Amino acid sequence: MRLHAAERFFPFLGWRRQWTNGGLRGDVVAGVTVALVAVPQALAYAQLGQLPPHLGLYAALLPAVTGALFGSCGQLSTGPVALTSLLTGASLLPLARPDSPEFVALAVALALLSGLIQLALGTLRLGWLLNLLSYPVLMGFINAAALVICLSQIPPLIGLPLAQRGSFIADFGAAFAHLDRLHLASAAFGIGALAAMLLLRRLAPRLPAVLVVVAAAIVLSAATGFAAGGGTVVGNLPSGLPGFSLPAVELGTLASLLPTAFVIALVSFMEAASSAKLISGKTRQAWDQNQELVGQGLAKLAAAFSGTLPVSSSFSRSALNFGAGARTGFSTLVTAALVLLTLLYFTELLWHLPKPVLAAIILLAVANLLDFGALAHAWRSNRDDGIAGLVAFATTLGFAPNIQNGILTGLLLSLALMVYRGMSPRVAMLGLHADGTYRDLERFNLPHPRPDTVILRFDSPLTFVTVSQFEDALLKAARAQPAVRAVIVSGAGINDIDATGLHTLAGLMERFAAQRQILAFCGLKKQVIDAMERAGLWPRLTPHAGYRSEQQALLGLEAHLTD
């Protein structure tokens, strides 16, 4: 029992028990497989975040190990990811030049702040707060962000400079206004790498397509003198371990980064949660969102102390990790060990890697995030959800490269829709159906149960948000027939009542008494009755509020109505 309790806070203590069922082979194979993809992706995602490429390798080292040790889903692969990298780079462009030490310091500060936010939410068991973002809004944001990422990589893919002076759409259009600057060798490397990876995926899916193409591109680049001919390459990468320290950032600057840090904490955890839910559904192993928040938060803190950008769980690498046979986070430790070997001994081999190839890697990985079908499905399912998803999509594109404003707009829209739906509860007057149940009389063309009685069903908590609708519906029910003497509230759908609801109900009781009408309830839940008792209303309602069904209420009121 003590061991299982410890595993809740230190999930890695449970790895040994999982190895007894299948050994370490699956973790080792998966770790090597993911490493073959993680190294070139790490370089590419650092470039996407406007940061030096070697910082991507730092992000795939200690942060990945930390996320694996303290996360609740062993198959998640933590490290640099596209969305988080784009958010980091785009949010810092107004504050510093991408090639400056200040830019790197601000990226590290973002990792620190977003990690502290996630760690606090996880420690306080507040992971549910991150569920306030609706799925259609999230998909609208992800589709727009993925589209921005893909479009942003087309100019470097073909050797065109992409200025970053303001609106992304304007900058993107300006890049293609100067096709005379097209670098043919860069275009050949970029398009060729993209085509080769797509072809290898189709013809030889078991081969590590990314690694094969990267290796071939390095050899070809060195042989043809691509860098000497004006092509951009990765160049010198510092070898060895990162320096473990935090940069000095002014307090005012940290405060200005808080909104972006919150967005990164939100979006990166949504990405991690999506992977964890999918994997746990297949493995039938439970995962804990609060513990995963702790793990991801600690991973971001490790990124900050490693001097690199914020990290998250990669959807594509996590899927690859699981598909390759990973059972525990030990697979990530294997991956990190290979990344470490790369940093110590193989950085010189990456000197000739063309940057257009990195753009091709980003395009191939991020294209999988595009899912316009999800927006179409939301539109068909619920028009409000469809509009919310489209608004999130449009605002994210409109604000690009500052796409954090798009997700904040989406978050506010999700909350507004939640309140709007709460203010429009389902209300119906009931009649006796042929199947013996009481159902919506308008929908099924049913008569009222008696000429002097109306039954009203209210399917919502009775709170300050819905109490005016409840009051209007009750007064309408009292006038639904010429000689109404009793209104029965079918309260099975009322699962909560607040002080405003109790106050309004007390006023309605007095009004009904003055009108010489009976207000009765059936099917009330215990928590609602308890609240009524605490407010002193229950004794006044008791004669006609303890009925369990509509039929029982009608029978109980019959003697009072025939007097």
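Computed from a predicted structure; not experimentally measured.
Scanning for ring pair (Phe, Tyr, Trp, His ring centres under 6.0 Å) contacts around Phe189 gives Phe226, with sequence neighbours left out.
Among all heavy-atom pairs drawn from Pro80 and Ala60, the shortest one is CD-N, 3.9 Å. Between Ala196 and Val213, the closest heavy-atom pair is CB-CG2, 3.9 Å. Pairing each heavy atom of Val65 with each of Ala336, the nearest pair is CG2-CB, 3.5 Å. Heavy-atom minimum distance, Val366 versus Ala82: CG2-CB, 3.4 Å. Ala392 approaches Val137 most closely through the heavy-atom pair CB-O, 3.6 Å. In plain terms, the two heavy atoms of Ile403 and Phe141 that are nearest each other are O-CE1, 3.5 Å.
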Could you tabulate the donor-acceptor pairs under 3.5 Å formed by side-chain atoms of residues 338-357, not counting sequence neighbours?
unit_1: Thr342; atom_1: OG1; unit_2: Leu338; atom_2: O; d: 3.0
unit_1: Trp351; atom_1: NE1; unit_2: Asn236; atom_2: OD1; d: 3.0

All N/O donor-acceptor pairs, side-chain side in residues 88-115, below 3.5 Å, sequence neighbours left out:
unit_1: Thr88; atom_1: OG1; unit_2: Thr84; atom_2: O; d: 2.8
unit_1: Ser91; atom_1: OG; unit_2: Leu87; atom_2: O; d: 2.8
unit_1: Ser91; atom_1: OG; unit_2: Thr88; atom_2: O; d: 3.1
unit_1: Arg97; atom_1: NE; unit_2: Asp99; atom_2: OD1; d: 3.2
unit_1: Ser100; atom_1: OG; unit_2: Arg97; atom_2: O; d: 2.6
unit_1: Ser100; atom_1: OG; unit_2: Glu102; atom_2: OE1; d: 3.4
unit_1: Ser100; atom_1: OG; unit_2: Phe103; atom_2: N; d: 3.3
unit_1: Ser114; atom_1: OG; unit_2: Leu110; atom_2: O; d: 2.7
unit_1: Ser114; atom_1: OG; unit_2: Ala111; atom_2: O; d: 3.3

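Gln291 contributes a side-chain N or O that, together with a main-chain N or O of Phe70, makes up a donor-acceptor pair within less than 3.5 Å. Ser85 places no side-chain N or O within 3.5 Å of a backbone atom of Ala46 that could act as its donor or acceptor partner. Side-chain atoms of Ser256 come within 3.5 Å of backbone atoms of Thr253 as a donor-acceptor pair (strictly under, hydrogens ignored). Judged by distance alone, the side chain of Thr66 and the main-chain N or O of Ala299 form no donor-acceptor pair under 3.5 Å. A donor-acceptor pair under 3.5 Å links the side-chain atoms of Glu292 to the main chain of Cys73, judged by distance alone. At distances below 3.5 Å, at least one donor-acceptor pair connects side-chain atoms of Asp27 with backbone N or O atoms of Thr328. Listed for the Asn382 side chain is a donor-acceptor partner under 3.5 Å among the backbone atoms of Asp385. Side chain of Ser313 to backbone of Ala272: no donor-acceptor contact under 3.5 angstrom is found. Formation of a donor-acceptor pair under 3.5 Å by the Ser152 side chain with backbone atoms of Ile149 is found in this model.
Within the 4.5 Å cutoff, no side-chain heavy atoms of Ser134 are placed close to those of Leu417. Considering only heavy atoms from C-beta on, Met197 comes within 4.5 Å of Ile361 through its side chain. Side-chain atoms of Phe393 and Leu397, non-hydrogen and from C-beta on, do get closer than 4.5 Å to each other. Put simply, the side chain of Ile158 reaches to within 4.5 Å of the side chain of Ile191, judged on heavy atoms. With contacts defined as side-chain heavy-atom distances shorter than 4.5 Å, the pair Thr232/His183 does not qualify. Using a 4.5 Å heavy-atom cutoff, the side chains of Trp128 and Leu126 are in contact. By the 4.5 Å heavy-atom criterion applied to side chains, Phe399 and Thr409 are counted as neighbours. Proximity of Phe330 to Val28: side-chain heavy atoms (C-beta onward) are separated by under 4.5 Å at one or more points.
Taking CG of Leu200 as the reference point, atom CG of Leu211 lies at 11.0 Å (rounded to 0.5 Å). Here Leu266 contributes atom CG and Gln118 contributes atom CD; the two are 9.0 Å apart, rounded to the nearest 0.5 Å. Leu116 contributes atom CG, which lies 11.0 Å from atom CG of Leu121 (distance to the nearest 0.5 angstrom). One finds the CG atom of Leu62 at 11.0 Å from the OG1 atom of Thr308 (value rounded to the nearest 0.5 Å). Rounding to the nearest 0.5 angstrom, the gap separating the CG atom in Leu363 from the CG atom in Leu358 is 11.5 Å. Going from atom CG of Leu369 over to atom OG of Ser316 covers 7.5 Å, rounded to the nearest 0.5 Å.
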| Stepwise, does the side-chain contact (heavy atoms from CB on, under 4.5 Å) test hold for Ile279 with Leu76? | CA-CA 9 Å; Ile279 292 171; Leu76 291 188; 4.3 Å; yes
| task | Kindly indicate, with the supporting measurements, whether the criterion side-chain contact (heavy atoms from CB on, under 4.5 Å) is fulfilled by Leu258 and Leu254. | result | CA-CA 7 Å; Leu258 273 175; Leu254 284 176; over 6 Å; no
| message | Could you go through Arg317 and Val81, starting from their C-alpha distance and side-chain angles, then the distance that decides it, and tell me whether this counts as side-chain contact (heavy atoms from CB on, under 4.5 Å)? | response | CA-CA 9 Å; Arg317 292 198 303 273; Val81 297; 4.2 Å; yes
| request: Decide yes or no on side-chain contact (heavy atoms from CB on, under 4.5 Å) for Ser331 and Gln75, but give the supporting numbers first. | output: CA-CA 8 Å; Ser331 62; Gln75 292 85 359; over 6 Å; no
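Between Phe269 and Trp287, the ring planes are tilted. Angles from 30° to 60° get that label.
Around CZ of Phe244, the count of heavy atoms belonging to other residues, nucleotides or ligands within 6.0 Å exceeds 12.
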